[in-house]
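Okay, structure first, notes after.
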Amino acid sequence: MNHKSGVLKIDGKTLLNHLQELGDTGADTVKGGRTRTALTDAEKQGRDLVVSWMKALDLVIRIDQIGNIFGTLPSASGNSDSAPLMIGSHIDTVINAGALDGCYGVLSGLAVVRAFREAGVLPSRPIMVAAFTNEEGVRFHPDMMGSLVYAGGYPLEDALNAVATDGAVLRDELERAGYA
């Protein structure tokens, strides 16, 4: 590791370990793959893992009204008004998904932040790692819901009132999972 060396280097071992640990969340040992559909217990476990890794990197964590998770590494100038570089994707999956779909975007963002932390330097602008809610659209419709709400392309109230394939309401599931 490059602790306080000023040299940025991705810690591939930690990235692979995080991919494995998140990949084990919702894993189906019989059929293979993993299933972490939005706001199920398995996906909540994955969210909790991601947030714990963000906390370990001392990021400023924010959860918006649709349950999107944002962890921000401040810039060297400390100017929180400058537009952040956003890196991320989602951690919800389709049924029996592969290990890298979606979560690689989130975990690679954390790897970039970790490189800054281990080098002991801050970026010239903030880096925000995002994990968007219900991007796959398996349990709630439409897909890409979290990023659509974030970008202003879908009304928040419509998203919060979305009814899942199992009859659950997104607003209630956010509350149940602790991400409202």
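FYI, the numbering just counts along the sequence from 1.
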Establish whether I10 and L107 are linked, either directly or via other cluster members, by ILVMFWY side-chain heavy-atom contacts under 4.5 Å.
yes
Hey, is the main chain of A97 close enough, under 3.5 Å, to the side chain of R36 for a donor-acceptor pair?
no
Could you tell me whether the side chain of T133 and the main chain of I66 form a donor-acceptor pair under 3.5 Å?
yes
Least distance between heavy atoms, V106 atom then H90 atom
CG2-N, 3.7 Å
Mark yes when over 12 heavy atoms from residues, nucleotides or ligands other than Y154 sit less than 6.0 Å from its OH; otherwise mark no.
yes
State, yes or no, whether a side-chain contact exists between H18 and R114 at a heavy-atom distance under 4.5 Å.
yes
Test of understanding: clusters of I, L, V, M, F, W, Y form through side-chain heavy atoms closer than 4.5 Å, transitively. Do L174 and Y150 belong to the same one?
no
Heavy-atom count around Q65 CD within 6.0 Å, excluding the residue itself: above 12?
no
Is there a path of hydrophobic side-chain contacts, each under 4.5 Å between heavy atoms, that joins L15 and L8?
yes
Option passing side-chain hydrogen bond (donor to acceptor under 3.5 Å, both in side chains) with R139 (candidates D166, T165, T37)
D166
Closest non-hydrogen atom pair, P84 against R125:
O-NH2, 3.3 Å
When hydrophobic residues are tied together by side-chain contacts of less than 4.5 Å, even through go-betweens, does V112 share a cluster with M128?
no
In terms of heavy-atom contacts, P126 and A83 come closest through CD-O, 4.2 Å
When rounded to the nearest 0.5 angstrom, what is the spacing between CG in D143 and CG in L148?
7.5 Å
Quick one: closest heavy-atom pair of P74 and P123, and the distance?
O-CD, 3.5 Å
Verify the distance criterion only: is there a donor paired with an acceptor across the side chains of E21 and N17 at less than 3.5 Å?
no
Is it the case that the side chain of R47 and the backbone of G67 share a donor-acceptor pair, with hydrogens and angles ignored and the cut-off at 3.5 Å?
yes
CG of L160 to CE of M145, rounded to nearest 0.5 Å, is 9.0 Å
Check: L110 and T14 side chains under 4.5 Å, non-hydrogen atoms:
no
Shortest non-hydrogen separation from G102 to S89 and the atoms involved
O-CB, 3.1 Å
On a heavy-atom basis, the closest approach of M54 and I61 is CB-CD1, 3.7 Å
Using side-chain heavy atoms (C-beta onward) and a distance below 4.5 Å, is D92 in contact with V138?
no
Hey, what's the ring geometry for F70 with F132, parallel, tilted or perpendicular (30° and 60° as the breaks)?
perpendicular
Is any side-chain heavy atom of F116 closer than 4.5 Å to one of L122?
no
Does R117 use its side chain to pair, donor to acceptor, with the backbone of L57 at less than 3.5 Å?
yes
Checking E135 side chain against S147 main chain: does a donor-acceptor pair fall under 3.5 Å?
yes
Does any part of the side chain of T35, heavy atoms only, come nearer than 4.5 Å to the side chain of N96, both counted from C-beta?
yes
Between K44 and E173, does any side-chain N to carboxylate O distance fall below 4.0 Å?
no
State whether the side chain of R176 and the backbone N or O of L39 hold a donor-acceptor pair below 3.5 Å, judged by distance alone.
yes
V94 with Y104, same ILVMFWY side-chain cluster at under 4.5 Å
no
Would you give the length of the straight line joining atom CD of E43 to atom CG of L49, rounded to the nearest 0.5 angstrom?
11.5 Å
Counting only N and O atoms by type, is there a donor-acceptor contact under 3.5 Å from the side chain of N134 to the main-chain atoms of A38?
no
